[in-house]
Amino acid sequence: MIAKELQEEVYNCIKCGICMNACPVYKQLHVEGAAPRGKVQLIKKIQEGKFDISEGFKNLLYTCLLCETCTVNCPSGVKIDRLFKAMRAEVLKKYKLPLLKRIMSTVLSSDQLLPFCMFWGRTLGNPLMALLPKNGKIGAISFSKLPKFNGKPLMDQYPEIISPSGKAQGRVIYFPGCANNFLFENVGNSTIKVLQRLGVEVVFPKDLKCCSLPIFLSGARQMALSNIKSNLSAFSRYDNVDAIIVDCATCGAAFKEEYVHILGEMGEDTKEAQKVKNKVMDISQYLAKFDLKKYLQPLKGRVTYHDPCHLVRSQKIKDEPRALLKQIPGLDFAEMVGADVCCGGGGTFQLDHPDISVSITKNKIQSIRNTGADTVASGCPGCRLQINGNLGNEKIRVVHPIELLAEAMGKV
Amino acid sequence: MIRPEVIQKFVSIVGKDRCKTSPEDLLTHSYDASILEFVPDAILFPVSTEEVSRIMALASAENVFVTPRGSASGLGGECLAKKGGILLSFTQMNKILEINTENRYAIVEPGIVIADFQKAVEAVNLFYPPDPGSATVASIGGAVMMNAGGMRGIKYGVTRDYLLGMEIVLPSGEVMKTGTITAKDVTGYDLTRLICGSEGTLAIATKITVRLLPKPKARRTLLAIYDDIDDAGKTVAKIVEAGIIPATMELMDKTVIKAVEEAFHLGLPLDAAALLLIDVDGDDATIERQSPLIAEFCQGQGARNVRTSSSEEENVQLWAARRAAFGCIARLRPTCLIEDATVPVNQMVKAIKKVKEICERNNVQIAVLAHAGDGNLHPLMLCDQRDKEEMARVEKAMDEFVEYAMTIGGTLSGEHGIGVNKAKYLPQQLSATSLKIQRGIKNVFDPQGILNPGSFLEVSPK
Ligand code: SF4
Ligand code: SF4
């Protein structure tokens with residue numbers, strides 16, 4: 001069963017229902033079982049032995065974006081998403097992961113498979129082809145909207161130590177995350193460029209693994225364990241660094257929130273994870289202490305910002321990315337309505353529930369459109385895929401805020 | 001248990017997807033916001049009047065119990081399948097059918113969430129005042145059946161005051177209209193207002209027409225901090241006596257303040273004994289005139305500090321916090337039972353003292369919240385449902401308090417309804433004749449007794 005302290009959580013739910021109308025999934029389905037309240041109550045029944053983990057329960061538990069909107073809205077402070085995450089691991093003891101997720105998890109948690117798949121996907125011109133059903137769509141996103149693989153993984157494009165331009169003012173470790181390492185190299189390049197420009201020495205360890213959040217959030221904690229430990233030990237090799245810089249909302253959430261909880265709940269030592277938690281910073285947080293004005297040249301156009309769940313709720317980062325964008329001269333910043341509403345991607349949620357996913361994303365796209373922005377910035381590759389994948393033929397660019405900042409800094 | 005072939009007939013009305021019988025669905029439809037639990041045999045999700053009508057006709061023919069349900073945010077088991085049977089969920093019948101700006105009314109389906117509806121009418125500069133604490137959860141259908149009140153009661157009244165008419169389905173399946181869309185209507189018995197507050201025992205509403213007001217131009221929130229809860233209570237009485245009518249006057253005691261502050265970090269003073277949250281709304285002139293006056297009353301009664309909110313954003317935050325107070329309190333103990341007895345405003349100070357004294361004597365942990373302007377008390381009794389002995393003490397404290405409220409001219413329930421829990425007290429307030437007439441009315445609407453069985457009328461001692 002799940003950890004003792006989590007078991008007690010279900011008794012703090014007074015069934016007020018405030019979480020329901022906050023839940024993007026419930027708002028589409030309007031069935032109590034899909035509501036956070038419903039799932040919390042089912043977990044209570046399971047804990048009390050009045051109900052067994054069932055196929056139906058499993059489906060409900062995975063009909064959830066893990067967007068944490070319920071948790072931040074629960075007045076009673078029930079750690080709803082923690083409960084769900086832990087419960088997924090329980091469910092997996094009884095049921096296997098579906099095939100597609102099994103492949104994905106195996107790929108992400110292994111050393112050799114990923115380069116192989118990438119090579120294959122690239123050769124065929126269609127990334128991830130090896131994994132795809134042939135109906136022209138992967139989950140909620142059509143093939144044509146999938147990004148191309150980087151020519152070379154980001155990690156292979158840089159030395160272990162990247163010197164700053166001019167005298168070193170600081171020293172950080174950079175964690176690229178799978179998405180940037182393999183798909184969105186421009187994000188990583190931008191982060192490194194900006195840091196260099198600001199006089200920060202960047203340490204880029206070569207043995208970093210997938211943060212594994214997609215693996216353990218699908219419930220496969222055991223499978224994720226070796227990656228978690230390997231990353232922690234890679235980080236611990238370098239002392240006297242100011243911070244561990246992450247430019248992926250999801251990886252940041254993994255290091256800052258999930259590792260400590262998961263290791264703790266699995267009965268593992270959490271000391272290293274605690275240290276790392278305190279060191280990790282999202283790039284937008286780290287840059288807050290710099291005076292960027294003097295480096296920035298004007299850009300044109302209007303930008304709006306979408307809050308990734310893993311930044312705004314998991315890490316409570318809301319103002320910093322906006323502040324970066326607002327500093328860029330010439331760039332018009334327009335806040336969208338419901339910027340912090342989940343985009344509907346939910347990692348692998350959009351694979352399992354493309355219809356629900358798309359209907360949630362539609363609202364997001366409408367919100368973006370209403371601002372009249374030509375660019376939407378968001379610090380999460382998942383949101384980026386989801387939003388870009390559902391924009392249709394519209395000429396709205398989806399970027400990471402750091403890419404705009406690097407653009408404004410001009411050519412190095 | 002409903003026979004499988006009867007379930008099949010229900011399925012033929014709503015389709016397989018909207019008839020749920022899986023154990024997961026049954027369990028997640030077995031509760032509301034109270035601690036009661038009743039598991040239904042099936043849940044149907046109708047989306048049209050016609051479907052509801054056919055469901056009820058079939059239920060009558062087969063003698064199957066039917067209990068209507070909105071968002072299940074009620075506090076007394078009113079929307080639970082107390083004797084099993086069909087639970088009729090309106091969460092998917094939730095459209096706004098019309099917002100008429102010329103004649104200022106709106107027609108909605110019962111499942112729409114109150115706050116969503118309020119937002120929609122406010123977008124066209126109209127205003128739907130009834131504002132129960134659970135507005136972000138509760139459905140209009142549920143609010144109508146419970147005659148929900150809420151925070152703006154003192155100035156704007158309750159749900160019933162905004163109902164113009166309904167389309168209802170009787171237990172027999174017959175469809176009927178009540179009321180009109182006009183502001184005045186004296187044609188025949190006022191069935192609209194009879195069904196409103198009937199706790200879903202007489203008929204099922206499928207369309208609801210409500211009256212709207214022009215949206216007030218502005219509002220301002222005052223926050224008065226007290227070192228003595230009595231002073232807060234006296235302030236309320238003074239303001240009411242002086243004929244000033246703010247839009248809301250909410251009282252929170254020390255325990256509530258602490259819990260809310262812990263959840264929302266609004267900078268509320270943790271050492272205060274009580275606070276009043278007062279909203280004034282209207283045109284700018286009214287607000288300019290009323291708010292200093294109210295502030296003066298607060299200070300005159302010993303408020304330590306009176307703060308005026310500086311922005312609409314702050315207003316929204318303060319009220320979101322108030323709305324969540326019930327939930328916040330649950331941070332302290334797992335279970336939280338809300339009392340709802342309402343007393344004349346000038347008796348409120350005494351009543352608060354009394355409830356505290358009763359709880360102390362019974363060793364029950366208590367926090368006090370009140371829609372103070374209407375004397376609508378919400379003593380929150382904190383406990384743990386799993387502790388039988390403690391629950392017995394809580395029940396005893398409730399009994400004593402209800403009895404006390406009756407003796408000073410109060411009512412059993414201001415707005416939460418009777419439901420299952422308070423039915424035993426009913427004869428204390430309603431005479432035998434009154435109960436006989438109420439049962440007679442029920443019998444006219446529902447001779448077979450298939451609609452919401454186990455409701456207050458049946459449970460209360462005969
Ligand atoms: S908001 Fe929290 S307390 Fe209320 S129903 Fe949801 S989980 Fe339970
Ligand atoms: S995490 Fe998000 S999708 Fe899942 S129950 Fe909570 S609000 Fe709904």
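In what follows, every chain begins at residue 1, and chains take the letters A, B, ... in the order their sequences are listed.
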Relative to chain A, which of B:Ala325, B:Ala72, B:Ala263 shows the most heavy atom pairs under 4.5 Å?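 Looking at each option in turn, the highest pair count goes to B:Ala72.
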
Does [X] reach the side chain of [Y], with side-chain heavy atoms less than 4.5 Å apart?
X	Y	value
B:Pro23	A:Phe51	yes
A:Lys50	B:Leu27	no
B:Arg69	A:Glu32	yes

For [X], is it the side chain, the backbone, both or neither that has a heavy atom under 4.5 Å from a heavy atom of chain B?
X	value
A:Cys74	backbone
A:Leu42	side chain
A:Ile14	both

Region of B:Asp116 in contact with chain A, defined by heavy-atom distances below 4.5 Å: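 Just the side chain, heavy atoms under 4.5 Å.
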
Part of B:Ser34 lying under 4.5 Å from any heavy atom of chain A: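 Looking at B:Ser34, just its backbone touches chain A.
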
[X] atom [atom1]: more than 12 heavy-atom contacts under 6.0 Å:
X	atom1	value
A:Lys44	NZ	yes
A:Lys277	NZ	yes
B:Lys119	NZ	no
A:Lys316	NZ	yes
A:Glu335	CD	yes

Keeping B:Thr91 on the side-chain end and A:His30 on the backbone end, is there a donor-acceptor pair under 3.5 Å?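 Yes; at least one donor-acceptor contact below 3.5 Å.
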
Output yes when a side-chain donor or acceptor of A:Lys15 lies under 3.5 Å from a complementary backbone atom of B:Tyr31, and no otherwise.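 Side chain of A:Lys15 to backbone of B:Tyr31: no pair is present.
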
Atom [atom1] in [X], atom [atom2] in [Y]: separation rounded to 0.5 Å?
X	Y	atom1	atom2	value
B:Arg333	A:Ser76	CZ	OG	12.5 Å
B:Thr28	A:Phe57	OG1	CZ	11.5 Å
A:Cys16	B:Ile338	SG	CD1	10.0 Å
A:Asn21	B:Ser73	CG	OG	10.5 Å

Of all heavy-atom pairs between A:Ile18 and B:Arg323, which one has the smallest distance, and what is that distance?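 Result for this residue pair: CD1-O, 4.3 Å.
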
On a heavy-atom basis, which atom in A:Asn12 and which in B:Ala330 lie closest, and how many Å separate them?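 Minimum heavy-atom contact is O-CB, 4.0 Å.
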
Taking 4.0 angstrom as the limit, do A:Glu9 and B:Arg331 come out as a salt bridge?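 Result for this pair is no, no salt bridge flagged.
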
For the pair A:Lys45 and B:Glu37, find out whether any cationic side-chain nitrogen is under 4.0 Å from an anionic carboxylate oxygen.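 Here A:Lys45 pairs with B:Glu37 in a salt bridge, since their nearest N and O are under 4.0 Å apart.
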
Determine, stepwise, if the pair B:Glu24 / A:Ser54 fulfils side-chain hydrogen bond (donor to acceptor under 3.5 Å, both in side chains). CA-CA 9 Å; B:Glu24 296 81 10; A:Ser54 63; 2.4 Å; yes

